[in-house]
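Basis for what follows: all heavy atoms, side chains included, without hydrogens, waters or symmetry-related copies. Within every chain, numbering begins at 1; the chains are lettered A, B, ... in the order of the sequence lines, protein sequences first and strands thereafter. Owing to the predicted nature of the structure, the values given are computational and were not obtained by experimental measurement.
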Amino acid sequence: MAIMKERFSERYLEFWEVIRQVPEGKVATYGQIAALAGYPGNARQVGYSLHASPPEIDIPWHRIINAQGKISLPKESGHYDLQRSLLEKEGVIFKNERVNLRKYRWQP
DNA sequence: GCAGTGACTAGTA
DNA sequence: ATACTAGCCACTG
């Protein structure tokens, strides 16, 4: 499988390094992660890196949402409900499928 | 190599 | 509020 390559690009590793710093009960956006990792404008790659990330890396992938405060995963996939329940378990409140970013956004 | 796709975003209308 | 656009770049066929 393509995702099981031994090495990932340095860019992906940088993304995951930043994501690892997002604390419990807080969220960050894809664009925010990209900018903090030193790749502003590469929000899409952040999403792709998570899609391709192997389970053995231990990162809070569920704390990453889009700039509208919504979950970017399709509801049909089942991953949507997983991400939402993981966040709610940490105290993040959803209102109309949306998180209040002004309240829950991680500020490094 | 080229075109399409995607866990994106900021801008404009 | 919605809709469309350009920019973004790794991956796939």
* Structure fact -> From CG of A/L101 across to C1' of B/dT9 the rounded distance in Å is 13 Å

* Asked: Hey, are A/E90 and A/K26 close enough for a salt bridge, meaning a charged N less than 4.0 Å from a carboxylate O?
  -> no

* **Given B/dT9, C/dC11, B/dA7, the nucleotide with the shortest approach to the side chain of A/Y12** => C/dC11

* Asked: Between A/F15 (CZ) and C/dC9 (P), how many Å, whole number?
  -> 10 Å

* Structure fact -> Taken to the nearest whole Å, NZ/A/K70 to P/B/dC8 is 12 Å

* Rounded to the nearest Å, what distance is computed from the CH2 atom of residue A/W61 to the C1' atom of nucleotide B/dC8? -> 17 Å

* To do: Take the protein atom NE2 of A/H51 and the nucleotide atom C1' of B/dT5, then report the distance between them rounded to whole Å.
  => 11 Å

* Atom OH of A/Y39 to atom C1' of B/dC8: distance rounded to whole Å? -> 18 Å

* To do: Side chain of A/A67 only, please: which of B/dT9, C/dA1, B/dA7 is the nearest?
  => B/dT9

* Asked: Base, sugar-phosphate alone, or nothing: which one does A/T29 contact when heavy atoms must sit under 4.0 Å apart?
  -> sugar-phosphate

* Nearest to side-chain heavy atoms of A/R98, which nucleotide of B/dT9, C/dA10, C/dA1 -> C/dA1

* Expressed in angstrom and rounded to an integer, what is the separation of A/D81 atom CG from B/dA7 atom P? -> 16 Å

* Pairwise C1' distance, B/dA7 and C/dT2 [rounded to whole Å] -> 22 Å

* **Heavy-atom closest contact (A/I19 atom, A/P60 atom, distance)** => O-CG, 3.3 Å

* A/N66 side chain, from C-beta outward: closest of B/dT9, B/dA7, C/dC9 -> B/dT9

* Which part of the nucleic acid, if any, lies within contact of A/R84, taking any heavy atom under 4.0 Å across all strands shown: a base, the sugar-phosphate backbone alone, or nothing? -> nothing

* To do: Write down the atom of A/W61, the atom of A/Q83, and the distance for their closest heavy-atom approach.
  => CZ3-CB, 3.9 Å

* To do: Find out whether A/V18 and A/W106 are in side-chain contact, i.e. whether some heavy atom of one side chain is under 4.5 Å from a heavy atom of the other.
  => yes

* To do: For the side chain of A/N42, starting at C-beta, report the closest nucleotide among B/dA7, C/dC8, C/dA10.
  => C/dC8

* To do: Could you check whether the rings of A/Y12 and A/W16 sit parallel, tilted or perpendicular, using 30° and 60° as the cut-offs?
  => tilted

* Determine: side-chain N/O of A/R44 to OP1/OP2 of C/dA10, distance under 4.0 Å, yes or no. => no

* **Integer-rounded Å distance: B/dT9 P and A/Q45 CD** => 12 Å

* Side chain of A/Y30, base of B/dA7: donor and acceptor closer than 3.5 Å? -> yes

